[in-house]
There are 2 protein chains.
Amino acid sequence: MTSADRPDGPRTGGSRPDGSRPGGGRTGRPRSAEADRAILDATRAALVELGWGKLSLGDVAARAGVAKTTLYRRWAGKNELVVDAVAALFDEQLHLPDLGSLTADIEGVVLRFAALLERPETKTALMAVVAESTRDEALRDRIRSAIVDRQKRLVLLGRERAQARGELPRESDPESAARNADLIFDVIAGAVVHRALVSAEPVDGEWARGFTTLLVVGLAGALPD
Amino acid sequence: MTSADRPDGPRTGGSRPDGSRPGGGRTGRPRSAEADRAILDATRAALVELGWGKLSLGDVAARAGVAKTTLYRRWAGKNELVVDAVAALFDEQLHLPDLGSLTADIEGVVLRFAALLERPETKTALMAVVAESTRDEALRDRIRSAIVDRQKRLVLLGRERAQARGELPRESDPESAARNADLIFDVIAGAVVHRALVSAEPVDGEWARGFTTLLVVGLAGALPD
DNA sequence: AGCTTTCGCTACGACTCGTAGCGTAACTGG
DNA sequence: CCAGTTACGCTACGAGTCGTAGCGAAAGCT
């Protein structure tokens, strides 16, 4: 689940918590799925206590009750490990319940996303891995498939619902529709992240309302154009 | 150790590129202003070559032709040093020329900001220090005063101009006006950063136009409300 | 002059990194 | 049941970084 697959380096699995058949019947001792869980849990715990900067893989291994070598057999380094560790949180937390209107849907997802960014694990980890990804294309791909693309689906789903309700026009040109979805995604996710982590001020109901109003008015007015 | 507290240690200045009078007439050998310049230049160069993760202070000192100890006498650690190094770039690059209309002003600042984020120094450094700042209040303050607050001024200036032109209403309630400015700031800066660094796609003229249209329509429609 | 502060240099213990080598454990197919 | 294969825990290692201490010399001020 976590990974875009990786051809096959020395580190075979990299991340394959299911631990089993890629091509049929693997032989030999299987990887402990429990070790995977323990490592990812330990990673999140260490992020909470130490933050990104002081997190060391030796420490994570010790917390997980696992040898350091085991950890290196599965993940190439800190970056990859942390991406997988926080990606799981995104999967758990990010859904888009139908709240009946475009405004309510956006407000809802903004608050959910903000709550996720309040957690100390994600707070310190997300920006850090993005920073590292600026010099590491493989990491960028991993972040994209493990985190970003899944968030983007929420935008697509929300738009579809809004169109079904008649709140947004159906766009005829698929290219421009894709561009608009990307734009909206960057606006929503960017604004929330910036508010929460850069401005370091709370994303509360009031802020979410103001932001959503701005966005919905803009969409209603700018899209049909 | 890196950063958090520094009641009043051996590290006097922390960051005082002017290097002179804090309390009147300092005695003794003054700090070399040229060394400051050399260190910050070396920091930016090292960021370009190595990125945040592999940047080491020993390396920076060597590049700058300065003893490692000198570096530690002025900055508490990597975080503070890099903030100062990139803050200078923001000062150089971020202005707001009057382009005649609110739309043009926003498009202009978006493209300028994007160009700044394209540079490898800022790309890798900005997210990293923000990530560290989530666990270090002093660093957060430093980022705020060295970078964030200055960007925010552009929003205030832009709004004032737009109001003078009659493009935006003058807001009566100063509290709500401040909230709106903060909101607009997070939307603009957040969207650009997210597009450039997370989505990792180009902030070109086309994107800037689409974003600006969305924002201006939203502002025109939502603000008088 | 004398006082004060900074500078370059060297050296240091503590720590993290990522890997190698070994013997053992777990699972599979003949 | 046994041979083959893979994962595991453990130990040990060289390399690199961190941040500090201690020294003598340099550069200002009064």
Side-chain angles (χ1 to χ4, degrees), chain A residues 8-39 42 46 50-82 132, chain B residues 1-6 8-14 16-17 19-39 42 46 50-82 132:
Chain A
D8 243 357
R11 263 169 225 90
T12 46
S15 87
R16 184 179 297 133
D18 55 279
S20 46
R21 31 227 66 88
R26 297 272 283 169
T27 165
R29 177 176 176 174
R31 288 193 171 171
S32 160
E34 196 199 345
D36 266 315
R37 258 198 347 96
I39 292 173
L50 307 173
W52 165 268
K54 299 187 178 175
L55 183 155
S56 80
L57 294 197
D59 187 74
V60 170
R63 286 168 193 258
V66 162
K68 196 171 55 156
T69 43
T70 297
L71 211 160
Y72 277 103
R73 287 187 191 108
R74 308 190 183 197
W75 284 276
K78 198 167 155 176
N79 297 332
E80 289 76 7
L81 174 61
V82 170
E132 292 297 315
Chain B
M1 36 291 282
T2 25
S3 48
D5 47 28
R6 186 185 335 130
D8 237 1
R11 261 172 229 90
T12 45
R16 186 178 299 131
S20 46
R21 30 226 67 87
R26 297 268 284 166
T27 165
R29 176 175 178 174
R31 288 191 171 172
S32 160
E34 197 198 345
D36 266 315
R37 257 198 348 96
I39 292 172
L50 308 173
W52 164 267
K54 299 188 177 173
L55 183 154
S56 80
L57 294 197
D59 186 74
V60 170
R63 285 168 193 258
V66 162
K68 197 172 54 156
T69 42
T70 298
L71 211 158
Y72 276 103
R73 287 187 191 107
R74 308 191 183 196
W75 284 277
K78 199 165 153 177
N79 298 333
E80 288 75 8
L81 174 61
V82 169
E132 292 298 314

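Lettering follows sequence order; numbering is per chain, from 1.
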Which atom pair, heavy atoms only, marks the closest approach of A/D36 to A/W75? OD1-CH2, 3.0 Å
Spacing of B/L50 atom CG relative to D/dG16 atom C1', expressed in whole Å: 13 Å
Atom CD of B/E34 and atom P of D/dG28: how far apart are they, to the nearest Å? 12 Å
Do the side chain of A/K78 and the main chain of A/W52 share a donor and acceptor less than 3.5 angstrom apart? yes
Could you please name the option among D/dG28, D/dA7, D/dT20 that lies closest to any side-chain atom of B/Y72? D/dT20
So which protein nitrogen or oxygen atoms get under 3.5 Å of nucleotides 9-11 of chain D's nitrogens or oxygens?
unit_1: D/dG9; atom_1: OP2; unit_2: A/A67; atom_2: N; d: 3.3
unit_1: D/dG9; atom_1: OP2; unit_2: A/T70; atom_2: OG1; d: 2.6
unit_1: D/dG9; atom_1: O6; unit_2: A/R73; atom_2: NH2; d: 3.1
unit_1: D/dC10; atom_1: N4; unit_2: A/T69; atom_2: OG1; d: 2.9

Provide the closest heavy-atom pair for B/A38 versus B/A64 in the form atom of the first, atom of the second, distance. O-CB, 3.6 Å
Residues A/R73 and A/R31: closest non-hydrogen pair is O-NH2, 3.3 Å
Can you tell me which nucleotide in C/dT5, C/dA25, D/dT5 comes closest to the side chain of B/R29? C/dT5
Nearest-nucleotide 5' precedence on DNA chain D, B/L55 against B/G28: B/L55
Please report the shortest heavy-atom distance between B/G58 and B/K68, naming the atom on each side. CA-CD, 3.8 Å
Can you tell me how far C1' of C/dG18 sits from CG of A/L81, to the nearest Å? 14 Å
Protein-nucleotide distance (B/R31, atom CZ; D/dG28, atom C1'), rounded to Å: 15 Å
Smallest separation among heavy atoms of A/A42 and A/R63, with atom names: CB-CB, 3.7 Å
Would you kindly give the NZ-to-C1' distance between A/K54 and D/dT17, to the nearest whole Å? 15 Å
Atom of B/L71, atom of B/L57 and distance for their closest heavy-atom approach: CD1-O, 3.7 Å
Between C/dG18 (P) and A/K78 (NZ): distance, integer Å: 9 Å
Please tell me which of B/S32 and A/G58 maps to the more 5' nucleotide of DNA chain C, matching each residue to the nucleotide holding its nearest heavy atom. B/S32
Taking CG from B/L71 and P from D/dG19, how many angstroms apart are they, rounded to a whole number? 11 Å
Nucleotide C/dC17, atom C1' - distance to CG of A/D59 in whole Å: 14 Å
